[in-house]
Amino acid sequence: MLRIEDLHVYYGAIHAVKGISIAIPKGGIVTLIGANGAGKSSTIRSIAGLVKNVKGRILYTPPDGTEMNIAGRRPEDMVRLGIAMSPEGRRILPHLTVEENLKLGAYIRTDTDGVERDRDHVYELFPRLKERSWQKGGTLSGGEQQMLAVGRALMSSPHLVMLDEPSLGLAPLLVKEVFDIIGEINAQGKTVLLVEQNAFAALKIASYAYILEVGAIALEGRGEDLLKDPRVKEAYLGG
Amino acid sequence: MFVQHFFNALTLGSLYGLIAIGYTMVYGILRLINFAHGDMFMLGAYFVFFATTLWALPWSLAVVVAIIGTALCGVLVDRMAYRPLRDAPRISALISAIGVSFFIQNLSLVLFTGLPRAVMRPDWLVNVIKFGDIRILPLAIIVPIVTAALVASLLWVIYRTKPGLAMRAISKDIETTRLMGVPVDKVIAMTFAIGSALAAASGIMWALRYPQINPFMGLVPGNKAFIAAVFGGIGSIQGAVVGGMILGFIEIMVVAFFPGLSGYRDAFAFILLIVILLMKPTGLMGEKLEDKI
């Protein structure tokens with residue numbers, strides 16, 4: 001579905017991503033893990049079209065189309081192509097209601113019925129959001145905001161869902177809940193790209209994983225293999 | 001007597017309020033004070049003047065042409081002067097705004113000449129109606145009604161339509177809004193169009209009330225409307241309207257009840273600005289913001 005070839009990201013003089021190549025197969029859950037500043041967010045933000053200074057190729061194959069290089073396109077183009085993202089820190093619009101946040105996620109769509117169906121689907125996935133549909137986003141708890149951020153990313157009816165640190169700042173019980181739902185979204189046919197610092201949880205659900213260190217891929221492999229890898233255990237899973 | 005003053009104040013307040021909305025909308029979305037906004041007010045009046053004289057259009061059609069023309073000018077200003085600076089430090093856009101304002105005023109001076117022009121006024125708007133002792137211009141009743149209708153439609157757009165949702169979203173978090181697939185530049189252009197159209201409506205009605213127009217006519221009402229927007233709480237549309245009304249009432253009532261002070265009528269607006277900035281910098285209805293220019 002998506003292949004990245006030799007991606008470089010620069011912020012002024014800082015070379016944040018130094019030539020990484022990853023592949024996300026259709027229907028898979030691929031995860032990028034690594035410490036702060038490893039380049040995970042820069043990579044995912046490049047795919048979303050939020051980074052201006054990008055070199056390399058981002059090759060996207062829509063389910064019913066041919067492969068195209070989408071590097072450097074605008075965020076709205078990416079959403080139209082079927083790539084949606086839930087950003088780091090959730091970025092819920094605090095002054096809009098839950099319902100309005102979801103509507104914003106469906107901004108590009110004109111099929112009102114389909115939008116309503118998808119909204120109801122999000123409410124099924126996260127019943128708590130339904131209870132709070134008229135509440136302002138800013139009044140939700142951290143966990144609820146995370147659910148809203150994930151739900152909002154689903155509202156454009158994407159083929160590829162990218163989640164940037166969905167477990168950040170959540171209690172362990174909530175982390176499990178969020179990861180269960182990511183699995184469910186994947187089971188329902190969405191391809192998932194997951195960026196995480198919580199290596200253990202991410203590796204457990206990932207079909208394939210890349211470990212990033214200072215802007216380059218240090219290690220890659222199937223999620224379950226990396227979970228057993230001694231180097232990974234030592235550096236990311238607490239020995 | 002008081003009834004007449006009341007309607008005068010309501011008219012003036014409406015006109016300030018309509019301009020103030022444009023300042024507050026652009027500020028709310030871009031955190032930019034669009035100094036060229038007062039000039040949109042002036043362009044609105046000139047469009048009517050040229051549409052009725054040069055192009056010999058009937059007045060009502062001229063109004064429509066003027067509003068659309070001014071809206072396009074507002075979009076053009078954003079496209080040429082602000083959009084290229086979207087990622088630049090905020091102060092650059094602010095300086096650009098001041099430059100654009102000077103540019104429009106002086107270009108107008110060249111194109112329209114500095115001669116004050118008399119704008120055509122349909123009789124039904126300016127023939128005084130008498131209710132017993134009270135003499136009122138129909139305009140003084142129509143202006144507040146038109147203003148109320150425009151504000152109500154604007155609120156409907158902002159709170160009930162998709163572009164309105166996008167505007168509210170952009171005002172808090174432009175990057176996330178972009179990430180949701182919203183064509184942010186288009187929504188911003190639409191904001192400028194709406195703000196400029198409202199300024200044009202104000203300028204047209206101003207020209208009906210005070211029928212001499214010149215290229216610098218936007219300066220003082222523009223500044224006062226800006227004060228009204230700050231007073232009401234910049235970023236808040238309701239605040240802009242309330243701020244405009246309060247300013248209109250203060251100005252008219254001071255002149256009416258203390259005729260000796262009438263020479264200072266413009267100063268009161270600025271005194272009000274200083275007081276509000278000292279006492280409540282966020283304005284009457286403004287929300288707390290971390291940084292402002």
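Chain naming here is simple, since letters A, B, ... match the order of the sequence lines and numbering starts at 1 in each.
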For A:K55, does the NZ atom have more than 12 heavy-atom neighbours from other residues, nucleotides or ligands under 6.0 Å away?
no
Could you have a look at A:M78, A:R91, A:R80 and say which one has the most heavy-atom pairs with chain B under 4.5 angstrom?
A:R91
To the nearest 0.5 Å, how far apart are CZ in A:R74 and CG in B:D185?
8.0 Å
Given A:H95, A:R152, A:M85, A:M155, the one with more heavy-atom pairs under 4.5 angstrom with chain B than any other is A:H95
Should we say atom CZ of B:F249 is surrounded by more than 12 heavy atoms from elsewhere, each under 6.0 Å from it?
yes
NZ (A:K130) with more than 12 external heavy atoms under 6.0 Å:
no
When rounded to the nearest 0.5 Å, the distance separating NZ of B:K162 from CD of A:E100 is 13.5 Å
Tell me the closest heavy-atom pair linking A:E76 and B:P183, and the distance in Å.
OE2-CB, 3.3 Å
Which distance, rounded to the nearest 0.5 Å, do you find between the OH of A:Y107 and the OG1 of B:T177?
10.0 Å
What part of A:K103 gets within 4.5 angstrom of chain B, counting heavy atoms only: side chain, backbone, both, or neither?
both
Region of A:R90 in contact with chain B, defined by heavy-atom distances below 4.5 Å
neither
Does atom CZ of B:F102 have more than 12 heavy-atom neighbours from other groups under 6.0 Å away?
no
Please say whether more than 12 non-hydrogen atoms of neighbouring residues, nucleotides or ligands are located less than 6.0 Å from CE in A:M68.
yes
To the nearest 0.5 angstrom, please state how far the CG atom of A:L104 sits from the CZ atom of B:R168.
9.5 Å
Looking at every heavy atom in both A:V79 and B:L179, which two are closest together, and how far apart are they?
CG2-O, 3.3 Å
Side chains of A:S156 and B:M180, heavy atoms from C-beta outward: is any pair under 4.5 Å?
no
Using non-hydrogen atoms and a 4.5 Å limit, figure out which bit of A:R45 sits close to chain B: side chain, backbone, both or neither.
side chain
Interface moiety of A:A153 toward chain B, non-hydrogen atoms closer than 4.5 Å
neither
Can you see which heavy atom on A:L96 is nearest to which on B:A169, and at what distance?
CD1-CB, 4.1 Å
With a cut-off of 6.0 Å (strictly less than), are more than 12 heavy atoms of other residues, nucleotides or ligands near CZ of B:R86?
yes
